[in-house]
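Okay, so here's the structure we're looking at.
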Amino acid sequence: MRIKYLWIPILIVAILVPAGFYYVDWSKSGEGAGLYSREWLPEAIFGYWNPDDFYTSVNSVAGEFSGEQCIECHQGVTPGIVNDWRKSRHSNPGNGQAIVYCSDCHGNNHQHLHLPTPKICSACHSTQHQQFEDEKRYGFPSHALAMERAMDAKHFVDKPKAEVTACMQCHSVATKCDSCHTRHKFSAAEARRPESCVSCHSGPPHPDDETYFNSAHGQLYLKEGENWDWSKPLSKGNYPAPTCAYCHMGNGKHQVADKSIWKFGIKQVNPLSSGNEVKRRQWIKLCSDCHDAEWSALQLKAMDKERKQAWKKLYQAEAILKDLRTNDELYPSAEQRPPYPGDTANSLFQREHIGFFEGQASAFYNVSPIERDYFEMWYFNNLAAYKGSAHGDISFVNKGHKAMDKSLQKIKQNAETLRALGKNEIDKTGTKNIWLKGEYTEFNREHN
Amino acid sequence: MRIKYLWIPILIVAILVPAGFYYVDWSKSGEGAGLYSREWLPEAIFGYWNPDDFYTSVNSVAGEFSGEQCIECHQGVTPGIVNDWRKSRHSNPGNGQAIVYCSDCHGNNHQHLHLPTPKICSACHSTQHQQFEDEKRYGFPSHALAMERAMDAKHFVDKPKAEVTACMQCHSVATKCDSCHTRHKFSAAEARRPESCVSCHSGPPHPDDETYFNSAHGQLYLKEGENWDWSKPLSKGNYPAPTCAYCHMGNGKHQVADKSIWKFGIKQVNPLSSGNEVKRRQWIKLCSDCHDAEWSALQLKAMDKERKQAWKKLYQAEAILKDLRTNDELYPSAEQRPPYPGDTANSLFQREHIGFFEGQASAFYNVSPIERDYFEMWYFNNLAAYKGSAHGDISFVNKGHKAMDKSLQKIKQNAETLRALGKNEIDKTGTKNIWLKGEYTEFNREHN
Amino acid sequence: MRIKYLWIPILIVAILVPAGFYYVDWSKSGEGAGLYSREWLPEAIFGYWNPDDFYTSVNSVAGEFSGEQCIECHQGVTPGIVNDWRKSRHSNPGNGQAIVYCSDCHGNNHQHLHLPTPKICSACHSTQHQQFEDEKRYGFPSHALAMERAMDAKHFVDKPKAEVTACMQCHSVATKCDSCHTRHKFSAAEARRPESCVSCHSGPPHPDDETYFNSAHGQLYLKEGENWDWSKPLSKGNYPAPTCAYCHMGNGKHQVADKSIWKFGIKQVNPLSSGNEVKRRQWIKLCSDCHDAEWSALQLKAMDKERKQAWKKLYQAEAILKDLRTNDELYPSAEQRPPYPGDTANSLFQREHIGFFEGQASAFYNVSPIERDYFEMWYFNNLAAYKGSAHGDISFVNKGHKAMDKSLQKIKQNAETLRALGKNEIDKTGTKNIWLKGEYTEFNREHN
């Protein structure tokens, strides 16, 4: 290319880059939030989970009130939360510190109340907030990014609002602190207990609840936890057995991302990379509060093997699906099902996405049954085995691997059926349109 | 019709109405109980669950005994229950009230002992008994009707007795009080705790156990419930978090039916009917013991949406099945499987019952696989989502909806297979008779 | 046969019997353990679960140390376990008994440490050890045989090591005592609580955890167990409700096998044999600590019926599979899948093993989907119903029987498909080789 034509690409860039910024900015300026905010409306209840974006104050009561006045009136109206507050350190700060009243967090104008966000809490708890924000550096999954990554997710656009509502409750861990510190006692002692984590961390794809409580650690907690001194910090020698927070938030550090070796189990990683060797040493140090170091190292190695075995199975299934795709034997194929919502590229060039690296994370919906089976094998069975392995619950390791074996068998069998019948056979029944209704179709978009 | 022929219908009515009453009366007079009592025999163990109908006293010991004598002897024979009684208010009534001895509830003739039914308990606890009976006004499901509706159910006649036995244990909540108040301590404090409810209220189709304990409320109970004062009544301000009974039996009212909006999730209701608006206000009032009223109202609205979404999915599946029925493509069809037990009409005019309003409630058995899939989608997955939504356990909302999505997909796929193969193809294999064995067939009837 | 040829069989026996002994001896002399020890290598972590065979001491620290010295140093290195020990009776023996130090169980040469096996513990706890060993007389399943039967199992040879690792953790109950008595407190009070059992006894095929905690007994424990006096022995009148150990290890007897009537539910037994009548009386005696004897006897009868009903269903499924086998309609058939590992006979004479008495216990792997469905019906659903029935959790009885009904229906449907399609149809697709990869193939053997 001659130098005299250089102005052409420069001009293109000079136009497109600002245009791109403008587009993203515009797309976020709708009534919703995030990248797709012009394409969906929030539910009123979202105001409680994402207050910065959506909360609007009640205005049933007018006037400005002091903290004492709040308490006086709400003792009768909502005694439950006032009782909780009375037991809190906010109410009994000690050391000559000032009492933290309702109005300190919610404002004192009853028609302009606000719900406390992490930022508001950070006025006093800046260290914890800083640690919490620090998680963002490690990427998603992360508590601090949970809300914005949900808001920016393509598949939330047309997902039935009733289901997004369920998602939001846990993802709100990013936008308010009472996911772990139950309002209005906000007790650190309470938050140290495993139950504080598991109302979100349970069920597929992250059975932390099930696997912790089924482990020797969890069983010890269940037997004797009532008598442990929960006012103590989460550090070496203070607890007879670890809880979620003891291992993942040692010494109360509000950041859980920097020790993650296997990346939540969702993709295959090299567990022996230099970065992971550093993390491995941190884990061994932690386990050594009670166990000998060699035992601890061997547990991690056992986990490496478990992960490798899981991926061996997953890749077998993936290979079968890719083979079917190559031979155009998936049914219904990408062209036969509704396009993925908000995905222009996909509606022009339909293609089945198979496996994590092709974007399988979105394969909950709008896929053929055999793809869905693979998705569940990966996202539910594989992660169940992973969590079992990580938390010392061997029943979940077994359950997860048995389920993967079974899924693989089912995928093999269905692959044979797809090949034996071929598309033409099924097309003859004229039932193709059956697939065009479902999640993410005009049907939902209209009625949502 | 001329007036002079009026005697004809009058005569018919005059004969048929008494004949009908006589028939029902006769049908109930068998060895069993309920409408089908001539068609089945009770197991001996049923005497413990439905004592009025079936209990016969042990007669190993002869004689009449005073309460003190009962205690004296049973301290050695069955120390467990005597120890419990000693801790009970029956044993330590206070306020100058008389001690309630074994003989007061069981009788004092050891060859004519009886088990206490709700009626016997009502001699002292009349308010509670009245409230309990009051549930009947709201129809089934209801605690007070649990036994008679089971006894009157067509599908209990030929159901293997081993399975009826399992059903009876929970349904006996209607015929004895120790389902909730564990004998022989009968502690109100104990009955207030959620565990008192969940030995029945767990698992599909009513995972109340799973969903409560996984909610923020349940997690708070698990963390701190040991230290709450369970001697307090279940009223505003007395408990830091609600239990089953706090919400459903507020202030100890022994009637849980009058606040039911969504009818257990088994059928679609209009949640905004005037009757339901009244119930809605009751719920908001209750939630406001701790939460603000607007938040509470929005939670109920979120639940309306969740229910609507669930039914959208269920109706899609129902439509596919009805379409198959219309085209005579269900296999095995109603004619190919054994007739429903005790159902004369069904054995004459076989027809697949699809959906709640056609009587899907009985579709546990004797149906084709695709109908069974729909049944499970409706009765297990849908109700799991409902309970998750009602109890604030979003993992069950997600799990339930994912399972419904998957069932719908499976139903679509199987519908295609049924259409592609057609009945004739399958009939050729000559395996029709395989379906004529199973639950509710001569096979069972003979061996039961 | 003339007497003069007698030397021929005598010679054969004289050669073969010693040769057989020599072969078994040789086969056990590999690096692994058990009958197949020449065919597999242990993982390093196995040393902690099967110390006698595999543990090798750490040698990071040199020298011999007294018990006091161990404590002094490890208080800093691994404070968790030292804190536990300080609370133990080993540390506070009372009655003028000697303190049991680290070195008493682990040795005092830090380069030749050993892990305590049951034999080491038996030096002081000989009664318990004797009872524990006594279990072996009753055959497998048994705690005392758990490790050697795993080591001797054919299907452990090629099973992916990652999965064997999961198995070993529970099976190590045979080779170390801290499966139940958590190190280093070794508290009897702790071991009496149900959580001590359920970290192994949970999930399919033995949902003891789920069924106990869901029963009225378990719910009572959950409500009030915190306040029971766990220092008391497990005997009549000491506990308001039973725990695992109360019923299965009454009075602390370390042997749970001698009361087993239904043999774990894995095969059909005659529950009324004279041997079982003796066991039945033992159970009734035990239940009578709290319940009346007649009620107790009826519960056992109800269980007889439940078992009979379960086997009626299982045999129906078995008959369908045997019929398919007879007609050579199973796909993939035994010849089409990889031979069972280490099974010479099976690789020569391939044959599908159907049902318990043909060796279905190994049918986890390398089977056709319909055989696997039967396996799960038998091993997971049937055993879930059994445990529910045994532990008084009717939700599991219902769940198990519903799952069996559904499996049976699925097996019927798949049997029809197999018959309709026939092997030839499927073979045409040329995908036979898809089955030759999987568990227990060269693929695994190579990468294990």
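Naming convention: chains lettered A, B, ... in sequence-line order (proteins, then strands); numbering from 1 in each chain. Keep in mind the model is a prediction, meaning the values are calculated, not measured.
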In terms of heavy-atom pairs under 4.5 Å with chain A, which of B/A293, B/S395, B/S288 leads? B/S288
Counting heavy-atom pairs under 4.5 Å with chain A, which one of B/D304, B/V397, B/L220 comes out on top? B/L220
Side chain from CB out, backbone as N, CA, C, O: work out which of these in B/K399 comes under 4.5 Å of a heavy atom of chain A, or both, or neither. side chain
Of the listed residues (B/E306, B/E224, B/E210), which shares the most heavy-atom pairs with chain A below a 4.5 Å separation? B/E224
Bottom line for A/D373: the part with an atom under 4.5 Å from chain B's heavy atoms is side chain
To the nearest 0.5 Å, tell me how far B/W378 CH2 sits from B/W311 CH2. 7.0 Å
Where does A/S196 contact chain B at under 4.5 Å (heavy atoms): side chain, backbone, both or neither? both
Go through it in stages, so that I can follow the logic: the residues are B/E416 and B/K412, the test is salt bridge (charged side-chain N to carboxylate O under 4.0 Å, His left out), and I'd like the CA-CA distance, side-chain angles, deciding distance and then a yes or no. CA-CA 6 Å; B/E416 280 178 346; B/K412 284 176 179 178; over 6 Å; no
Report which part of A/E226 has an atom under 4.5 Å of a heavy atom belonging to chain B: side chain, backbone, both, or neither. side chain
Can the ring centroids of A/F46 and B/W295 be said to lie less than 6.0 angstrom from one another? no
Go through B/R281 and B/N276 one step at a time and tell me if the side-chain hydrogen bond (donor to acceptor under 3.5 Å, both in side chains) criterion holds. CA-CA 9 Å; B/R281 279 202 293 278; B/N276 280 336; over 6 Å; no
Of the backbone (N, CA, C, O) and the side chain (C-beta and beyond), which part of B/K301 lies under 4.5 Å from a heavy atom of chain A, both, or neither? neither
Check each atom of B/N214 against the heavy atoms of chain A and say whether the ones under 4.5 Å are side chain, backbone, both or neither. both
Output, in order, the C-alpha distance, side-chain angles, deciding distance and verdict of ring pair (Phe, Tyr, Trp, His ring centres under 6.0 Å) for A/W85 and A/H106. CA-CA 14 Å; A/W85 175 80; A/H106 292 288; over 10 Å; no
With a 4.0 Å cut-off, would you call A/D84 and A/K185 a salt bridge? no
Side chains of B/R192 and B/Y246 only: does a donor on one sit below 3.5 Å from an acceptor on the other? no
Nearest heavy-atom neighbours spanning A/P207 and A/L383: CD-O, 4.4 Å
Under 4.5 Å to a heavy atom of chain B? For A/S202 that would be both
Contacting moiety of A/V77, where chain B heavy atoms sit under 4.5 Å: backbone
